[in-house]
There are 2 protein chains.
Amino acid sequence: MDKTSEDVNSSYMVPGLLRGLSLLGLFGKDRPAMRLTDIAKELKLSRATVFRTVYTLEHEGYLVRLKDSNYYSLGPRVLTLGFDYLHSQELVEVARPILDGLRDTTGASTHMALIDDFDVLYIYRAASHQRLSSNRHVGSRLPAHVSSIGRAILAELPESVVAEKYAGYDLRVENYTEPATFDELKECLRVERERGYIAGSFVSGISSVAVAIRDSEGNVVAGINVSDYESIPCMKDIHGKLKDKVLAAASEISRRLGHTSSL
Amino acid sequence: MDKTSEDVNSSYMVPGLLRGLSLLGLFGKDRPAMRLTDIAKELKLSRATVFRTVYTLEHEGYLVRLKDSNYYSLGPRVLTLGFDYLHSQELVEVARPILDGLRDTTGASTHMALIDDFDVLYIYRAASHQRLSSNRHVGSRLPAHVSSIGRAILAELPESVVAEKYAGYDLRVENYTEPATFDELKECLRVERERGYIAGSFVSGISSVAVAIRDSEGNVVAGINVSDYESIPCMKDIHGKLKDKVLAAASEISRRLGHTSSL
DNA sequence: AACCATTGTTACGCATATAAAACAACAAGG
DNA sequence: CCTTGTTGTTTTATATGCGTAACAATGGTT
């Protein structure tokens with residue numbers, strides 16, 4: 001509700017652009033359509049400014065005016081941007097066949113995600129054929145410290161980095177009890193770091209095995225997991241064969257990264 | 001190469017925002033990373049302006065500076081935007097289970113797309129389990145008049161609208177020969193309109209059956225198709241059972257639309 | 001090394017984008 | 001019907017974002 005009001009007053013910021021972006025950010029699953037006045041109220045801007053901003057965004061296809069109303073919602077153009085992002089990431093291109101393969105040999109859903117701010121952001125999913133797909137779509141987010149992939153990545157980071165990052169950060173998340181304090185998180189990561197992989201149930205009824213991915217220079221850049229109902233066969237021995245398969249897939253992805261000299 | 005230089009000089013445009021958006025648009029599969037100077041040259045802007053714009057976009061997570069270099073590429077934030085868009089579209093939510101079902105009963109890949117400008121934009125895909133996935137990813141584009149879904153949509157639009165839209169538009173597309181002139185397109189649409197669905201091979205070796213989707217008010221809002229290698233069993237009778245299944249799926253989607261009173 | 005070219009970054013004055021206020025168009029309500 | 005309170009849109013004077021030009025920092029070339 002109250003995110004620390006961060007007025008970045010560097011004179012290098014382009015205010016018009018800043019407003020446009022935060023305006024786009026208002027539209028989410030919960031609030032798919034807004035009017036000028038609503039936006040103005042939300043962003044604490046004059047209607048005139050919002051008018052011009054919306055006018056610009058609409059012209060560029062990032063916003064769409066709903067028929068016979070003065071409500072606006074996100075336009076198709078924003079999708080193209082996301083598509084371009086995914087396809088500019090060799091990470092996804094490299095991981096795709098391997099995660100598809102892992103899905104096929106295990107029969108469970110596999111995912112790839114990276115850390116953005118305090119979230120993990122899913123950038124690929126190979127959904128299991130058998131069961132109805134989970135809700136971990138590409139583009140969705142989850143607090144990093146309560147997701148298997150997030151923990152896999154955090155565990156590979158220097159402890160000092162993690163400590164600084166989470167200093168004063170409230171770890172409490174709805175529906176997740178596990179690490180409620182930083183000390184608990186540190187302990188989780190310590191155990192998991194020693195073991196070399198993450199395994200367990202992060203959502204009740206769902207088991208996951210996650211491992212971090214490194215680029216050719218050794219930097220942790222993402223993580224993958226196998227995650228599905230704990231009742232299905234392959235999830236029975238998450239500490240056995242399944243773990244080995246995930247580790248193998250991860251190191252294969254890491255190995256293939258960075259061999260295509262980009263740019 | 002030379003898109004008609006459209007200077008929209010309405011005084012309502014926010015220049016800073018306009019620049020930021022077109023800057024983001026530069027990054028694609030072909031050009032995943034750029035330096036300030038490259039961008040400046042491309043957009044014909046001073047480096048100072050580009051500096052400020054990039055500075056802003058980076059701060060907001062829409063751009064990322066590559067390690068130990070002054071190259072920038074798209075940041076994860078753009079993905080979230082696309083995700084929000086998809087989930088604010090009841091179209092996708094409604095179509096998902098039906099297209100998944102259609103994929104399962106046919107064994108072929110199914111897609112949903114809508115028209116944006118002169119392109120079809122894919123907004124959902126249920127990939128076939130058997131074969132390696134096609135390259136029609138969510139967020140990708142194709143000239144509308146050479147895609148099955150695009151033609152399905154265009155055929156449902158009033159002919160006058162299509163005529164005006166494509167007046168003076170060059171229909172020639174690489175690797176596609178079919179409708180090279182507007183008259184040819186008109187003839188295609190006429191035939192397909194009479195038949196009530198689109199079927200055929202738009203890419204060599206691939207067969208497709210497409211039908212338009214209407215919202216509760218009768219407006220054409222999107223299209224769906226079944227599209228896969230023409231050699232696989234279910235594609236043998238695209239004018240028979242397969243066509244019926246697609247038509248049924250489409251009308252089911254259309255029926256379910258607009259019953260969730262939004263806003 | 002000294003050169004030159006080319007980069008990212010900072011400073012500053014003028015053109016211009018913007019916030020406040022006026023306007024128009026509508027709806028509700030007494 | 002005339003208020004009163006909403007909207008979205010237009011205007012305009014002034015605060016400010018922008019291009020020019022200088023600066024700094026790098027890297028290649030002889």
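Hydrogens, waters and symmetry mates are skipped; everything else that's a heavy atom, side chains included, is used.
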- Message: One character per nucleotide, please: for nucleotides 5-10 of chain C, 5' to 3', B when the base has a protein heavy atom closer than 4.0 Å, S when only the sugar-phosphate does, - otherwise.
- Response: --BBSB
- Task: Would you mind reporting whether Ile123(A) and Leu79(B) have side-chain heavy atoms less than 4.5 Å apart?
- Result: yes
- Note on the structure: With sequence neighbours left out, the residues meeting side-chain contact (heavy atoms from CB on, under 4.5 Å) with Ala152(A) are Ile198(A), Ala210(A)
- Message: Using the side-chain contact (heavy atoms from CB on, under 4.5 Å) criterion, which residues pair with Arg136(A)? Sequence neighbours excluded.
- Response: His111(A), Tyr122(A), Ser134(A), Leu142(A), Tyr176(A), Val203(A)
- Task: May I have the distance from Leu18(B) (atom CG) to dC18(D) (atom P), rounded to whole angstrom?
- Result: 11 Å
- Query: Looking at Asp116(B) and Arg141(B), does any basic side-chain N land under 4.0 Å from a carboxylate oxygen?
  - Reply: yes
- Item | Whole-Å gap separating C1' (dC18(D)) and CG (Leu17(B)) | 16 Å
- Task: Please map the stems of DNA chain C, keeping only stretches of three or more Watson-Crick or G-U wobble pairs with both distances under 3.5 angstrom.
- Result: C:1-6 with D:25-30, C:8-23 with D:8-23, C:25-30 with D:1-6
- Leu66(A) CG - dG8(D) P separation (whole Å): 14 Å
- Task: Take the protein atom CE of Met13(A) and the nucleotide atom C1' of dT18(C), then report the distance between them rounded to whole Å.
- Result: 19 Å
- Query: Is Glu159(A) salt-bridged to Arg193(A), going by a charged N under 4.0 Å from an acidic O?
  - Reply: yes
- Query: Around atom CZ of Arg31(B), are there more than 12 heavy atoms of other residues, nucleotides or ligands at under 6.0 Å?
  - Reply: yes
- Query: Residues two or more places apart in sequence or in another chain: which of them pass side-chain contact (heavy atoms from CB on, under 4.5 Å) with Ala126(A)?
  - Reply: Asp100(A), Arg103(A), Thr110(A), Tyr124(A)
- Task: Identify, with sequence neighbours excluded, every residue that meets side-chain contact (heavy atoms from CB on, under 4.5 Å) alongside Ser69(B).
- Result: Leu66(B), Tyr71(B)
- Return the value, rounded to whole Å, for the distance between atom CZ of Arg19(A) and atom P of dT16(D). 11 Å
